Trainee: 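Encoded as structure tokens, here's the structure I'll be asking about.
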Protein chains: 2
Amino acid sequence: MNPQLTEHIKQFASPTEEDLALLFEEVEYKAVGPKEFLLKEGQFCKFQYFVLKGCLRLYQINDRGNEQIFNFGIPNWWITDLDSLINHTPAKKYIQATKKCEVLKFSRVHLEKVMAVSPAICNYFRILLEKVKVADQRKMEYSLKFSGEELYHHFCSKNPAFVQEVPQYMIASYLGFTPEFISKIRGKK
Amino acid sequence: MNPQLTEHIKQFASPTEEDLALLFEEVEYKAVGPKEFLLKEGQFCKFQYFVLKGCLRLYQINDRGNEQIFNFGIPNWWITDLDSLINHTPAKKYIQATKKCEVLKFSRVHLEKVMAVSPAICNYFRILLEKVKVADQRKMEYSLKFSGEELYHHFCSKNPAFVQEVPQYMIASYLGFTPEFISKIRGKK
DNA sequence: CTTAAAAATTAATCATGATTAAGAAATATC
DNA sequence: GATATTTCTTAATCATGATTAATTTTTAAG
């Protein structure tokens with residue numbers, strides 16, 4: 001019964017004690033070292049990770065050998081390769097710690113069992129997914145209405161602490177730019 | 001108790017008769033004429049629409065006066081302005097029929113009541129949202145790994161029927177291009 | 001402290017796709 | 001069937017951000 005996750009769930013849903021007991025019936029606390037992988041290309045993703053501490057990234061290596069970051073996993077957020085997880089296909093993505101992390105590891109099989117019987121836990125995940133959809137939609141919106149330079153400055157202003165925590169080239173990749181382009185922007189002043 | 005939606009739900013979840021009865025307790029069938037709006041900028045979005053027939057689009061008009069299409073609502077799919085819906089803010093988006101449509105209109109208030117008590121219905125929406133997330137992730141992936149021309153051809157090959165059904169400039173907007181650019185690509189052969 | 005590895009910078013060149021503007025084709029309306 | 005509106009096309013110019021390659025700075029490891 002991890003208090004950090006319990007607290008997080010209660011922000012969005014109203015689980016009973018039984019709901020929480022059932023959820024935590026099967027969970028693994030895991031310390032993750034810097035650059036350690038929780039998933040590699042080719043593996044079948046079977047887990048969802050709740051980030052307690054640190055930062056992870058979900059990324060893919062495309063045809064030209066470039067990394068493409070889709071998501072960061074920051075504290076009080078979940079990270080997984082949803083495509084591999086729900087479609088039972090080999091992952092095309094990697095999940096890697098960008099620094100020392102602590103996570104809670106839940107198997108998908110277990111979570112599906114919990115969601116099947118607990119409206120509160122199911123609603124918790126449903127609400128998170130709705131928030132993710134809105135965030136993704138805003139990202140699309142910004143990427144069209146802002147120039148690259150504006151997009152970078154906007155991201156930095158919205159996430160001032162975060163941009164200090166991960167290497168610049170990862171911010172570049174997340175925003176869809178080359179590291180050189182970010183350098184160019186920063187060099188302007 | 002609309003059979004088309006019932007069928008759709010049963011593809012992803014196992015609702016009881018009570019679940020379905022509760023869901024359909026409050027629903028409005030609505031015929032929508034071409035170019036008719038279900039939502040306009042500035043309004044508060046209070047509904048989610050299940051598309052039975054036809055096609056709608058969710059779009060926004062940006063600073064330069066250009067339309068930016070985020071989603072199409074095709075048969076057996078849902079359309080709404082999630083941002084306005086969940087954050088109770090005035091919509092920045094429009095929902096408009098691209099042709100004659102038939103939809104089922106559910107109020108968010110009602111759906112939240114249903115999801116609070118029915119794991120099956122909640123799971124149905126959770127599963128759809130997971131699918132949406134995967135689709136959005138693939139869209140991001142493609143938009144980086146493909147050139148504009150490749151992206152357009154890829155989209156056409158994956159949605160051959162759909163591209164015949166809506167004006168070309170809407171495909172352009174959905175993919176993040178100008179109509180002129182699509183013309184240029186098509187003019188090449 | 002030294003060396004190796006990782007991350008960031010700079011600058012020149014290049015390609016993609018936007019912009020602008022005008023006209024043609026298709027569709028809808030009366 | 002004529003007119004108006006919507007949609008699509010063509011072509012020239014332009015800007016953004018990628019690519020390439022070399023160098024510097026920072027961080028990590030022995």
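First the proteins, then the strands, lettered A, B, ... as listed; each starts at 1. Keep in mind it's a predicted model, so treat the numbers as computed, not measured.
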Trainee: Is the phosphate of C:dA8, meaning OP1 or OP2, less than 4.0 Å from a side-chain N or O of A:Arg186?
Mentor: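 No, no such contact exists.
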
Trainee: Looking only at the side chain of B:Phe181 (C-beta and beyond, no hydrogens), which of the listed nucleotides C:dT10, D:dT10, C:dG17 gets closest?
Mentor: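 The listed nucleotide nearest to B:Phe181's side chain is C:dG17.
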
Trainee: Expressed in angstrom and rounded to an integer, what is the separation of A:Gln68 atom CD from D:dA18 atom P?
Mentor: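 Computing the A:Gln68:CD to D:dA18:P distance gives 12 Å.
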
Trainee: Checking contacts here: which listed nucleotide (D:dT19, D:dT7, C:dT19) is nearest the side-chain heavy atoms of B:Tyr169?
Mentor: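 Nearest listed nucleotide: D:dT7.
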
Trainee: Using distance alone, with no hydrogens and no angle criterion, decide if A:Glu41 and A:Tyr94 have a side-chain donor and acceptor under 3.5 Å apart.
Mentor: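 There is such a pair between these side chains.
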
Trainee: Taking CD from B:Gln168 and C1' from C:dT27, how many angstroms apart are they, rounded to a whole number?
Mentor: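 Nearest whole value for this atom pair: 15 Å.
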
Trainee: Is it the case that the ring center of A:Phe50 lies less than 6.0 angstrom away from the ring center of A:His8?
Mentor: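 Yes, close enough.
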
Trainee: On the nucleotide C:dA18, are OP1 or OP2 found under 4.0 Å from the side-chain N or O atoms that B:Arg64 carries?
Mentor: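 Checking C:dA18 against B:Arg64, no side-chain N or O comes under 4.0 Å of OP1 or OP2.
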
Trainee: Taking the six-membered ring for Trp and the full ring for Phe, Tyr or His, determine whether the centres of B:Phe106 and B:Phe47 are under 6.0 Å apart.
Mentor: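 No.
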
Trainee: Once you round it to whole Å, what is the distance between P of D:dA18 and CG of A:Leu151?
Mentor: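 For the pair A:Leu151 CG and D:dA18 P, the rounded distance is 11 Å.
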
Trainee: I want to check one thing: is the phosphate of C:dT16, taken as OP1 and OP2, less than 4.0 Å away from some side-chain N or O of B:Ser147?
Mentor: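 False: B:Ser147 side-chain N/O out of range (4.0 Å or more) of C:dT16 OP1/OP2.
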
Trainee: How close or far is atom P of C:dA8 from atom OH of A:Tyr152, stated in whole angstroms?
Mentor: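 Rounded to whole Å, this separation is 10 Å.
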
Trainee: For B:Lys35 and B:Pro179, take the nucleotide of DNA chain D holding the closest heavy atom to each; which residue's nucleotide lies nearer the 5' end?
Mentor: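 Its nearest nucleotide being more 5', the pick is B:Lys35.
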
Trainee: Roughly how many Å is it from CD in B:Glu67 to C1' in D:dT6, rounded to a whole number?
Mentor: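 Rounded to whole Å, this separation is 12 Å.
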
Trainee: Once you round it to whole Å, what is the distance between C1' of C:dA7 and CD of A:Gln164?
Mentor: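 Going from A:Gln164 (CD) to C:dA7 (C1'), I get 15 Å.
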
Trainee: At less than 4.0 Å, is any side-chain N or O atom of B:Thr178 found next to OP1 or OP2 of C:dA18? Yes or no.
Mentor: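 Yes.
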
Trainee: May I have the distance from A:Glu149 (atom CD) to D:dA15 (atom P), rounded to whole angstrom?
Mentor: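 Rounded to whole Å, this separation is 15 Å.
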
Trainee: Of A:Lys184 and B:Glu180, whose closest DNA chain D nucleotide lies nearer the 5' terminus?
Mentor: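 The answer here is B:Glu180.
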
Trainee: Using the benzene-type ring in the case of Trp, are the ring centres of A:Phe72 and A:Phe162 under 6.0 Å apart?
Mentor: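 Between A:Phe162 and A:Phe72, which both carry aromatic rings, the centre distance is below 6.0 Å.
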
Trainee: Could you state the atom-to-atom distance from CZ of A:Phe177 to P of C:dA8 in whole Å?
Mentor: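 Between P of C:dA8 and CZ of A:Phe177: 16 Å.
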
Trainee: Begin from the C-alpha positions of A:Phe70 and A:Tyr174 and carry the test ring pair (Phe, Tyr, Trp, His ring centres under 6.0 Å) through to its verdict.
Mentor: CA-CA 6 Å; A:Phe70 290 98; A:Tyr174 177 73; 9.4 Å; no

